[in-house]
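Values below: every heavy atom of this structure, side chains too, minus hydrogens, waters and symmetry copies. Just follow the structure's listing: the first ligand is 1, and inside any ligand the first atom is 1.
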Amino acid sequence: MATPDPDWMTRGAAHVWRPYCQMQTARPPLPVVATHGARLVLADGRELVDGLASWWTACHGYNHPHIAGALTAQIARMPHVMFGGLAHEPAYRLATRLADLLPGDLNHAFFAESGSVAVEIAMKMALQFHINRGEQGRTRFLSFRGGYHGDTLATMTVCDPEEGMHSLFTGVMPAQVIADLPRDAAGEAALDALLTERGPEIAAILVEPLVQGAGGMLLHGPDTLRALRRLADAHGVLLIFDEIFTGFGRTGSMFAMQAAGIEPDIVTLSKALTGGTLPLSAAVASSRVFQAFLSDDPEAALMHGPTYMANPLACAAANASLDLFEDGRWRADVARVSSALAEGLEPCRAGKGVVDVRVLGAIGVVEFADPVPVGDLCARFAEAGVWIRPMGKVIYLTPAFMTPDADLALLTRAVRQIVGAG
Ligand SMILES: *Cc1c(COP(=O)(O)O)cnc(C)c1O
């Protein structure tokens, strides 16, 4: 075996294309050599408290021994087999557990490897649902300003058109119908009017329930979701909840939909599904959607099958992550994180340029009037011993649920210092 190259970072920097990055001017990334609990260990030995749980994935913290043990056992037995024509226990068990865990009759899981692909699959399911039922012309989607559903070409079309990162590509893909989220009776009436006009071309309404995450951590209430359910039913369109960010406890309930007491026709899951260890996603459909694909006609089937779909290692990690949710301790932890964020970030209201401070579940947000200098702030946060990467106009915290009180205090103090609020 080759000995590790001590100069890997300098050598590789000429060859790695980084995400969301103007590489001519960006600072170099921080080299991470290990993780544990809620912390990143840097190459120079420093430890940073992770305020983001690695893009919202590591909900139980890093290197959890239960997930690590499940992965070790699974890799010795069977790292991967194709899912076409073959079955394995990790995926079948995971599908059964997701069906049990999700409310209503969201019972049919289609697995993929990333969030964007799960959203693409949900969109494809919705389009074909109507075709299979003999209804032509429902070729578009209705989504919302402030929304984010992924970076692939089709998911870009349902993201916020201006705030999103993809306005550059206007005209490349078909235009969808983008509306304002209904926040009151007037909003619902306006969306009803829009659907009366455009409804016959719409296959599904797509929304991130309770929190529009990457679009700026924008919150809305359960009433909005109930209105969307009513409107979807009234206009014969499907409702897709993208719970890739909100799923698995982040907002305080297991799934955000549970706060509204309603269910979508399809839900997408990813991010925290494997507890932050391996890429895995699912589009889970209701029985009504699933049944529209059952037929004597082979063409009515869903023609989809990512090569690494339902990867046994990823499914084993997801099952182990669900084990950790089973004792219910996450509820107290999310409540504890929530109070620490609310208390620790509240003084930021008085900070320079701050227009709002908000907390929901284990999500804490400080919003500014203008976009913030992300690279500079990341560097200053790292000096303060924390890993926080702002986004657009917001500095936000989405730590692991197990983050100790002292580390939560470090995170909120670092944000207060940056905004000049103590
Ligand atoms: C992150 C995210 C996605 C995209 O997931 P990827 O795994 O990055 O493709 C889609 N929808 C929401 C709500 C997300 O937060």
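Within ligand 1, counting atoms from 1 as listed, the ones closer than 4.0 Å to a heavy atom of Asp242 are 10 (C), 11 (N), 12 (C), 13 (C). Here is the list of ligand 1 atoms found below 4.0 Å of a heavy atom in His149: 10 (C), 11 (N).
The aromatic rings of Phe248 and Phe325 are tilted relative to each other, their planes meeting at an angle between 30° and 60°. Ring-plane geometry between Trp56 and Tyr396 is classed as perpendicular, the angle between the planes exceeding 60 degrees on a 0 to 90 degree scale with a lower cut at 30.
Residue contacts with ligand 1, taken as heavy atom pairs separated by less than 4.0 Å, involve Glu208 solely via side-chain atoms from C-beta onward.
For His80 and Tyr308, the ring centers are positioned less than 6.0 Å apart.
A donor atom on one side chain and an acceptor atom on the other are not found under 3.5 Å apart for Glu263 and Ser286.
Salt bridge annotation for Arg140-Glu201: present, with a cationic side-chain nitrogen under 4.0 angstrom from a carboxylate oxygen.
The distance criterion of under 3.5 Å between nitrogen or oxygen atoms is met by Gly115 with respect to ligand 1. Backbone and side-chain nitrogen or oxygen atoms of Lys271 are examined, and one is located within less than 3.5 angstrom of a nitrogen or oxygen of ligand 1. Between Ser116 and ligand 1, a contact under 3.5 Å exists for at least one N or O pair.
Residue-ligand proximity: Trp55 is placed with every non-hydrogen atom at 4.0 Å or more from ligand 1.
The main-chain N or O of Tyr92 is found under 3.5 Å from a side-chain atom of Thr96 such that the two form a donor-acceptor pair.
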